[in-house]
Amino acid sequence: MNAYLVLTIALPLLGAFLLPILMRSSIAIALWSGPAILIYGCWTIADIWLQGSTQPISIAIGGFAPPLGINLYIDSLALLFAFAVQLLGLIFWPFTLDQDSARRQSLMLLLVAASTGLALSGDLFNLYVFYELAAVATFGLASASGSSAAYVATLRYLILSGIGSVLTLFGIALIYSKTGTLNLAHLAQLAPAQLNDELGLTAFLSILIGIGVKAELFPVNTWVPEIYATASTRLSAFLAGLLSKLALLIILRLLLLIFHQPEAAQVLLILGILGVVSGELAAWRAKELRRMLAFSSIGQLGVMFIAMALPDGAGVLAVLALAIHHLIIKSGLFMLAEDWGGAIQRLRGSAKMAPLGAALFVLFSLSLVGMPPLPGFWAKFTLITELAGQSEPLYLIGLAVFLLATVIEASYLFRVAAILYQDAPRETLDHEIPKNEGLSLVTATLFGAGLIAAAVMIAPVGDSLNTIAVQVQDIDLYISTVNPGGSQ
Amino acid sequence: MGNLTGLLFAGGLGFMLLTLAGGLDFGTPPMLVGSEIQAHAPQQTGAVNIVTSVVLGYRAIDTLGELSILFAAAVSAGLILGRRHTTAGTQTKGGFILYTGGSLLFPLMMTIGFYIIFHGHLTPGGGFQGGVILAAAFFLPLLARPGARLHHKTLSLIEGFAGASFILVGLLAMMEGKAFLQPLLVQDTLGQLISAGTLPLLYLAVGLKVGAELASLLSRLIQTEAPQ
Amino acid sequence: MILTLLDELLLFSGVTLLVALTIGRGLAAGWMVTILYGGQLLALTKMAALGYEGGTIASSLSFEVMGQMLNWRFDALSWFFALITLGSALLSSWFSCGAWERDYIKQGGNIWLFHTAMALNVFTMLILLASGDLLSLFIGWELVSWAGFLLMALAGGVATKAAMRYITYAMAGGMAVFGGLALVYSASGSLQLEAVITAVEQISTTKLWLLVILFGGGFGIKMGLLPFHLWQAPAYAETPGPGSAFLGAISSRMGLFAILLVLVKLFGIVNIDNLKVPFTLIDARDLLAWLAVLTIILPTFTAMKQNDARHLLAWHGIGQGGYMLLGIVVADAMGGAGGLLHVFNHATYQAALFMAVTAVIYRTGTSDLNKLGGLVVRMPLSFMVLLIGIIGLAGLPPMNGFVSKWLVYRSLLNQGMPLLFLAAVIGTLGTILSVYKLIHNIFLGQLRVEHEHVAEAPWSMMIPMLILSAIIFITGLMPGIPLEWIASVLQTVGLPVPQYTLGGVESNSGSLDMIWVIGVLFAGFGIGAVIFYSAGRSKRVHQLDNYAGGHFLSADVRYQYSDNFYAGLMHLIGGWYRGSFLWLERSITSMIEFLSLGMQGLYRRANAEFYLLSTALFVIAWAVI
Amino acid sequence: MTSVFDPELILYTTAIGLITIGLAGVVMSSHLFRMVLALVIAEAGANLMLVLAGYRWDAVAPILTSLSEPAAMVDPVPQALVLTAIVIGVGIQALAVSLLIRIRQRYATLDRKEAAERMDSEIAASMGAARDVSQDAPLGERPLPPIPADQVNMRGGDAP
């Protein structure tokens with residue numbers, strides 16, 4: 001029942017609205033309703049997956065055929081990310097019970113609904129609405145830690161994001177003025193004739209800079225280190241792992257479907273290179289694990305922008321592989337950082353206290369720098385073979401920067417690993433050494449297991465990613481599935 | 001120096017955007033979707049006000065998202081400003097004229113608010129506009145009597161149930177075998193008060209939600225402790 | 001599924017790793033693992049046909065991932081390197097069993113980690129040697145790099161620091177290779193060896209230059225090629241004893257293997273020879289040769305300055321790598337054979353030397369050359385092993401090092417490269433001087449008080465050392481044994497093959513027969529001995545019965561000329577290579593440090609909105625105009 | 001684009017001018033509240049731009065008055081969009097104001113630079129480490145940690 005897929009957006013919203021009321025009457029029901037909704041969401045999506053139909057479908061909301069109404073476009077990519085949203089929402093669920101837990105859980109459900117919407121929606125303005133919903137929910141959750149620094153960081157983020165939204169809205173207005181439609185499939189039909197000019201390019205760049213705020217695009221990513229250092233690690237994991245990828249996904253769709261100008265790709269390439277350089281270099285001197293991860297995440301997103309800039313959708317497979325790989329790795333690393341916050345020097349001797357955590361850290365780091373049998377290697381391999389095939393020198397510069405950044409990345413990640421495996425300073429007592437335990441360690445182990453599973457089954461995983469990438473690149477399939485202006 | 005650069009940059013950007021926008025055909029929009037909607041809206045949604053049929057029909061999920069944003073903002077504000085409310089500022093009353101005026105205006109504003117909500121599918125206006133007026137109605141006594149409080153429990157009940165009923169109406173359509181948020185009960189009574197099927201119900205939910213949301217946001221802001 | 005011989009070998013190696021992982025903590029673990037290495041060596045000898053006749057044996061293991069075929073196979077080249085790998089692993093592991101192991105545990109070492117790291121290194125090296133295409137080569141390459149890191153880092157403290165430095169270099173090398181891989185792929189559309197060979201013919205000169213630099217640099221880092229050599233000596237030296245013997249013997253030769261495979265076999269020396277350096281008379285091959293010579297000279301003279309026996313040996317390891325590359329780059333029959341023979345010879349004497357030094361450390365607790373001396377009376381067998389080792393290292397007859405160096409020199413002269421020859425000879429001079437420092441400061445002179453009761457190394461250590469000494473001598477006497485394998489290797493990589501005999505090589509420009517050379521040498525020794533004993537004028541004196549500056553020394557004053565050895569020489573030439581390329585490393589590090597600070601400032605001092613505004617302005621302006 | 005008083009240009013100028021003013025305001029203000037206000041102005045500009053997208057000469061509001069003969073109406077879609085965009089803006093503004101209130105309570109200032117600096121030092125303190133920039137200066141009464149011997153030379157380049 002594909003129509004039930006709407007419920008993955010509607011039910012979390014319903015739950016979010018009702019949670020504060022439920023919490024007042026029965027805490028037990030309220031506590032479990034959120035996870036139950038997310039489990040149902042996972043199951044719904046997995047169910048569609050298991051039916052095995054690989055053909056994309058389009059669901060018209062309200063029964064109005066696109067382009068009049070809004071539609072959800074569901075292909076393998078959208079399903080994959082929708083599933084990841086629901087699953088990560090469950091994994092990073094704020095279980096803590098205090099006076100604010102109803103609000104926090106409510107915001108989390110809103111964030112999940114918005115993220116699912118971002119993955120599925122096939123309408124430009126609808127994407128904007130979900131984007132804003134995700135932003136507002138993020139602001140709430142980021143400030144929930146209650147420290148003054150968190151408030152300032154959130155406000156700075158809010159203002160930056162707000163300006164970005166203004167630009168996005170401006171871009172949407174330009175597109176609508178020119179074409180008179182907002183449906184992505186319809187736009188894809190019209191774009192070659194109508195948006196293939198400066199106006200279309202400006203619209204894309206406005207939207208890019210606006211949405212780039214969430215996608216950690218250089219240089220509108222200055223919020224990243226502040227927010228990740230002040231917000232809860234779980235939220236940081238969700239933002240760095242998933243939300244940035246969803247923003248990326250939107251940009252990817254826009255680029256593939258509508259904006260084919262080479263200038264668009266070049267801008268992405270240059271900003272991507274700058275992002276890699278700035279992020280990896282800044283991480284090199286970071287003195288705190290979460291900050292290091294934040295900067296490294298900027299660098300990784302930069303790599304994905306480089307991949308996205310490859311002409312004719314050549315980089316789609318690389319973007320996908322890198323995005324999913326980074327999703328697993330960064331989530332896992334942030335989970336480890338939950339107990340390993342504070343100065344990195346403080347972590348000396350942690351490997352003895354928490355051998356599993358340290359081993360996982362090494363595993364994630366190895367995959368991140370692209371140690372061969374691990375999935376990270378294959379993701380990087382797909383990228384560099386595509387980059388090396390380009391004749392334009394800028395792409396080769398991108399390749400060189402990417403490779404150099406990897407060296408720096410390995411250097412700082414393994415500096416941390418070496419500190420973990422050092423002996424603790426003599427005067428330190430055992431209980432003073434930070435060790436990871438409990439839920440966060442279990443979660444990190446889960447991601448580690450996922451990573452190893454992907455490494456073992458790399459051939460089928462690679463094949464299915466390739467299928468997805470081919471499907472994503474097929475513009476005609478997108479248009480014919482949505483069929484805008486066909487049978488009204 | 002920095003400020004000057006900022007000003008110059010902003011000006012430059014504005015100039016560039018303006019030159020680009022000048023290339024648009026103003027006043028003759030393509031209206032690809034717009035004219036289609038104009039042609040089909042009365043039959044498909046039963047609402048005379050086509051903006052309403054867009055807001056609650058064609059783009060209903062946008063509206064749902066927008067309600068969620070408002071809700072998220074209210075919840076976040078609650079999270080930030082906390083639960084402890086002490087009356088802020090002066091405890092003095094606003095004076096007789098203000099107080100009486102406020103009391104007098106309250107029922108009037110309520111009436112206007114609900115009128116606008118219920119006629120959203122017929123005339124300009126609707127849930128948002130009506131909701132704001134409702135919020136203003138509740139806010140008036142608060143301004144007149146700074147010590148007074150809004151009942152947050154009730155507000156959050158309205159907030160929750162109004163939002164939920166919007167979704168539930170949408171789910172109802174699904175249970176009927178239709179699409180999520182598809183308008184139901186569209187009769188052939190175009191232009192009547194009782195027309196447009198479930199759209200007025202949705203607008204009522206929107207209005208209540210917006211009203212409750214804004215009222216609770218504003219009262220939360222006003223009730224927060226003054227800085228020491 | 002039928003297992004091929006290669007499958008058996010890899011499986012055996014994997015089992016060894018598993019055994020080390022599971023029972024590595026047990027008492028008999030060391031012996032168990034050693035026996036398994038022996039088993040692997042046996043499995044390798046079952047493939048001996050590769051070494052003698054050439055051909056390939058493929059593994060039935062093969063994957064297709066993301067459109068890339070991955071396969072593994074062994075040929076003469078792999079077999080030759082695998083033989084050295086397994087031989088040194090077997091002997092190092094044997095050396096570590098028993099006495100050394102107990103001592104290591106007593107000092108707080110983690111023996112499980114040690115055995116596992118060793119087994120992992122061997123396993124990954126075999127995988128690298130078996131690579132059947134460029135992608136599996138890269139996979140093996142990275143695996144070897146990280147396995148090496150584990151072995152180097154496990155001692156903790158200084159060793160971890162050295163290992164961190166190593167891994168940064170290794171990553172840089174790995175990424176250079178990765179980039180080269182991508183370029184090759186874009187040119188040939190495949191990473192299979194045959195496809196690459198055909199693609200190289202059509203590749204443009206610029207691209208081939210880039211590829212040679214990327215691959216040569218990337219693989220060269222592992223070899224310790226100048227100027228990327230700084231990491232190697234501390235990293236190898238600080239590894240636990242048997243580990244450093246193993247690493248010193250074979251680890252950096254993996255770089256040479258990859259160079260042989262990619263630059264020589266796939267690209268072809270001829271193609272590299274055609275790459276001219278613009279505006280000069282030299283080409284890429286000359287460049288490589290000069291780099292190799294510099295790699296001989298600088299590290300060798302740096303070794304002379306070392307005061308720690310292990311560091312001294314490790315620096316020599318870098319220098320000797322230069323000879324191997326030099327021989328291969330010269331690429332005539334004698335040069336190629338000499339370079340490859342030196343790989344084998346170096347492995348034998350380097351392992352023997354590290355073991356002897358480790359034995360000394362085991363007994364005395366130090367490898368500081370300023371705190372040792374006179375041990376010859378207490379550890380005569382170890383002295384013999386060290387002596388044989390340094391004769392090999394210095395390249396003097398009758399040990400095997402002489403043969404390989406002779407071949408390299410001969411080829412340099414034959415090919416008319418006198419400058420290179422001269423430089424190589426200067427390197428050998430440095431070697432002789434510094435190995436003299438090694439043996440003098442440890443074994444000669446007067447015994448120190450604290451070492452009066454030191455005993456000879458235990459037999460568990462002695463036997464592998466003696467075996468190695470025997471190999472050093474026998475292959476010195478009969479270099480035809482390894483030359484037979486090397487002939488097939490040369491054929492495999494497409495280099496000319498020399499005419500070899502059991503005692504050496506034959507050629508028109510000059511032949512070498514070690515059996516004759518050694519016969520004459522021993523005859524000379526014999527005559528000397530006859531004169532010595534028949535004269536009967538010698539008298540045996542105590543070590544302390546000595547005088548200095550015209551004064552007899554009393555027994556309580558020990559006298560050992562070891563501190564600041566070669567002070568005069570250092571005064572003359574030491575300034576020329578002070579720090580060698582440390583300035584390069586330092587400047588890169590501080591540049592990154594500086595940039596990193598700048599980037600952090602960029603993010604911290606951010607006026608984010610201004611960034612947004614200016615980006616929007618520039619991007620739109622650039623795109624629109 | 002015939003004359004300066006061309007209505008289309010005036011309207012577009014208004015919309016883009018509002019955005020420009022907002023952007024410049026956000027960049028130039030040193031007060032957090034003013035930044036929020038500037039943001040509101042910019043949003044108004046974007047919304048106006050959106051409404052202009054649907055304007056049509058000589059057309060009426062998109063409400064059916066006579067069923068038989070519908071008049072030319074302006075595009076209803078941008079109007080619906082703008083409604084949504086305005087409400088979104090309101091939500092964000094309310095959230096921003098509540099954050100402002102809290103920041104003012106905690107820091108007793110809304111100066112952009114000062115707030116950012118206090119945030120920075122608070123983050124640094126929560127990490128249990130000195131601020132990155134001031135690592136070479138002693139923290140209060142605490143003496144400097146000894147510089148490891150092997151880093152002495154490398155410290156040269158990074159003095160603040």
Side-chain angles (χ1 to χ4, degrees), chain B residues 2-3 6-7 9-11 13-14 17-18 21-22 24 26-29 31 33-35 37-39 41-42 48-51 53-55 58-59 62-63 65-67 69-74 76-77 80-81 122-124 126 128 190-191 210 213-214 217-218 220-221 224-228, chain D residues 1 6-9 11-13 15-17 19-30 49 52-59 61-65 67 70 73-81 83-88 90-99 101-102 104-106 108:
Chain B
N3 277 353
L7 196 61
F9 276 24
L13 185 65
L17 295 184
L18 192 59
L24 290 170
F26 181 72
T28 49
M31 281 190 71
V33 173
S35 48
I37 285 182
Q38 276 175 17
V48 182
N49 184 346
I50 295 176
V51 177
S53 54
V54 175
V55 168
Y58 296 100
R59 307 194 72 90
D62 274 357
T63 309
E66 158 196 1
L67 289 181
I69 290 175
L70 216 48
F71 179 72
S76 305
I80 291 163
L81 297 178
L122 301 177
T123 57
F128 294 104
L190 209 58
V210 169
E213 222 79 83
L214 286 182
L217 262 174
L218 289 172
R220 219 179 270 292
L221 291 181
T224 309
E225 297 168 65
Q228 265 76 54
Chain D
M1 289 229 279
D6 191 339
E8 83 178 68
L9 212 57
L11 286 168
Y12 280 136
T13 313
I16 293 173
I19 294 179
T20 310
I21 291 170
L23 278 175
V26 169
V27 173
M28 288 161 64
S29 0
S30 58
M49 194 68 204
L52 292 182
Y55 184 73
R56 201 168 161 194
W57 295 118
D58 307 322
I63 295 174
L64 288 180
T65 41
L67 294 179
M73 287 187 270
V74 300
D75 195 341
V77 177
Q79 307 210 346
L81 300 184
L83 202 55
T84 311
I86 289 172
V87 178
I88 291 173
V90 168
I92 291 178
Q93 287 151 29
L95 186 55
V97 170
S98 51
L99 279 168
I101 290 175
R102 264 289 181 248
R104 172 111 170 80
Q105 282 177 351
R106 294 280 177 89

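Naming: A, B, ... by sequence-line order, numbering from 1 per chain. Source: prediction; values computed, not measured.
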Okay, B:Leu217 and chain D: the region with an atom under 4.5 Å from a heavy atom over there is side chain

Per-residue contact mode, B:Leu67 against chain D (heavy atom under 4.5 angstrom) = neither

Among the options D:Ser29, D:Gly91, D:Pro76, pick out the one with the most heavy-atom pairs lying under 4.5 Å from chain B.
-> D:Pro76

Could you check which of D:Ile21, D:Val26, D:Leu83 has the highest count of heavy-atom pairs closer than 4.5 Å to chain B?
-> D:Leu83

List for me each residue that meets ring pair (Phe, Tyr, Trp, His ring centres under 6.0 Å) alongside B:Phe71, sequence neighbours excluded, and say none if there are none.
-> A:Phe17

Check side chain to side chain donor-acceptor pair (under 3.5 Å) between B:Asn49 and all other residues, then give those that pass, not counting sequence neighbours.
-> B:Thr52

Looking at B:Val51, B:Thr63, B:Val55, B:Leu214, which makes the most heavy-atom pairs under 4.5 Å with chain D?
-> B:Val51

Would you sort out whether D:Val87 and B:Leu70 count as a side chain to side chain contact (heavy atoms under 4.5 Å, CB included), showing the intermediate values?
-> CA-CA 7 Å; D:Val87 178; B:Leu70 216 48; 3.8 Å; yes

Where is the tightest heavy-atom contact between [X] and [Y], given as atom of each residue plus distance?
{"X": "B:Leu81", "Y": "D:Ile101", "answer": "CD2-CG2, 4.2 Å"}
{"X": "B:Ile80", "Y": "D:Ser98", "answer": "CG2-O, 3.9 Å"}
{"X": "D:Leu95", "Y": "B:Ser76", "answer": "CD1-CB, 3.3 Å"}
{"X": "B:Ile37", "Y": "D:Val77", "answer": "CD1-CG2, 3.7 Å"}

[Y] side chain reached by [X] side chain, heavy atoms, under 4.5 Å:
{"X": "B:Leu13", "Y": "D:Thr20", "value": "no"}
{"X": "B:Phe9", "Y": "D:Val27", "value": "no"}
{"X": "D:Leu81", "Y": "B:Arg59", "value": "yes"}

